[in-house]
Amino acid sequence: MNVLVIGNGGREHAILLALKKSPKVDKLYCMKGNAGTAEIAENVNVDYMNPQAVVDFALSHPDIDYYVVTPDDPLAIGIVDALEGVGKRCFGPRKNAAIIEASKAFAKELMKKYNIPTAKSATFDNYGEALEYVRSQGAPIVLKADGLALGKGVLICNTLKEAEEGLKEIMLDRAFGKAGEKVVVEECMRGLKYDPGEEVSVLAFTDGKTIVPMITSCDHKRAGDGDTGLNTGGMGTFSPCPFWSKELEEEVLHKIMIPTMNAMNAEGRTFKGCLYFGLMRTPDGMKVVEYNSRFGDPETQVVLPMLKTDLMEIFEAVTDGRLSDVKIEWEEGACVCVVLASGGYPVHYNKGDPITIGDVGDCTIIHAGTAVKEGKLVTNGGRVLGVVSKGADIDEARKKAYAAVKNIHWKNMQYRTDIGIKYRQG
Ligand code: AMP
Ligand code: GLY
């Protein structure tokens, strides 16, 4: 099979590396890709946010059998529907199911209707009413722009003043554009053991009939060590989650995952693809923080290296609705990904700085914002590389990853030194 992956980041590079191991796969393509994907796939320079351009490409490339649509924005505009419309097989939800991420108001409504545990919330499209509700609830309180906002549309407000300012930013100043037409005002959840609360990402394969959780992982969203600084797209991940257990898996499967799959079916929005559950362990049990309609980034970078089963076989089973036939197996041990970012990320940062990569041992270097300019590898984004290491446990994987980091350089490179050390008390 010839397979094309849509997207440009570390997650797509990690998916391509997993597909490359499959005996079913001949040639790989990436639309548009980066310098890392170019090493294992043919990069295709087509705007994947333009459905007509994607369809034209697909029609002129009958040799490409299968499309993996990964990022949230092409899923939200229906790129899977467009490709299926011209007879292509795809991995990823259709537009009517991708709404589970594309509208937080939809997701909250779904959870309310089907009794799926999550933070209490109310949705508003009127600023005055939202303000009144925020004042009646008091701080701490969480504000979420309804639509897609590059992971930045969530404000955790510790004081009423912050909340009032945040509401104005989202609804009146439109800091996140159209995403702020509606706002979800949410109770601030607390963790069972940690403050801020302990979070775990559980990605799951589903064909709408069966849902199979992958190995767990934990992200580090803040830019600085000790969870300080601004929120980012994710500065590093590790797998598995230290506080995970068989009991939690049972609870999540039966109270959250299966009910969510069934709810989407009942709404006539069958979800096929990778459904991402962002969860918090609270004194009242596991609760949903967010759904994503896709693989997480950088969670995928630590989850897929642990997968023993052929990823292409799983993708095809999801497409064909026979996921229950596939036995999905995971390696023992642990995996860590340390993200290397451009200085100044997530605000202002430079592009085009030359990168040097020395001895990285047996680590895998995942490319995100990279390009080749005049034959040289250069930075081309905020998050630039991910250093991925496996080990017998998280400490061994961490040690190898940070040893490799010491041999990677560019001007003003920044990274967190504490990836993988949280939730040690279980
Ligand atoms: P989201 O984009 O919805 O995942 O939100 C980003 C981050 O904000 C989450 O990973 C949590 O750390 C935090 N967060 C979101 N909603 C809540 C909530 N209701 N209570 C506490 N923290 C939250
Ligand atoms: N790592 C969080 C996300 O992919 O949205």
Side-chain H-bond candidate by donor/acceptor type, [X] with [Y], under 3.5 Å:
| X | Y | answer |
| --- | --- | --- |
| Asp146 | Ser103 | yes |
| Asp310 | Ser22 | yes |
| Glu299 | Tyr276 | yes |
| Asp297 | Gln301 | yes |
| Tyr66 | Thr319 | yes |
| Asn43 | Thr37 | yes |
| Tyr48 | Asn8 | yes |
| Lys108 | Thr118 | yes |

I need the full list of salt bridge (Lys or Arg N to Asp or Glu O under 4.0 Å) pairs touching residues 119-132, with sequence neighbours left out, sorted by first then second residue. none
Intermediate values then yes/no, side-chain contact (heavy atoms from CB on, under 4.5 Å), Leu83 and Val54: CA-CA 8 Å; Leu83 285 164; Val54 174; 3.8 Å; yes
Under 4.0 Å between a side-chain nitrogen and a carboxylate oxygen: does that hold for [X] and [Y]?
| X | Y | result |
| --- | --- | --- |
| Glu316 | Lys24 | yes |
| Asp227 | Arg416 | yes |
| Glu186 | Lys104 | no |
| Glu198 | Lys422 | no |

Any chance you could lay out the side-chain contact (heavy atoms from CB on, under 4.5 Å) test for Leu311 and Phe205, step after step, and finish with the verdict? CA-CA 11 Å; Leu311 183 62; Phe205 294 110; 3.9 Å; yes
If you apply the rule side-chain contact (heavy atoms from CB on, under 4.5 Å), what do you find for Lys144 with Phe176, and how did you get there? CA-CA 10 Å; Lys144 301 184 171 183; Phe176 310 105; over 6 Å; no
Side-chain donor/acceptor pairs under 3.5 Å, residues 328-338, sequence neighbours excluded:
unit_1 : atom_1 : unit_2 : atom_2 : d
Glu329 : OE2    : Lys327 : NZ     : 3.3
Glu331 : OE1    : Lys390 : NZ     : 3.1
Glu331 : OE2    : Lys390 : NZ     : 3.3

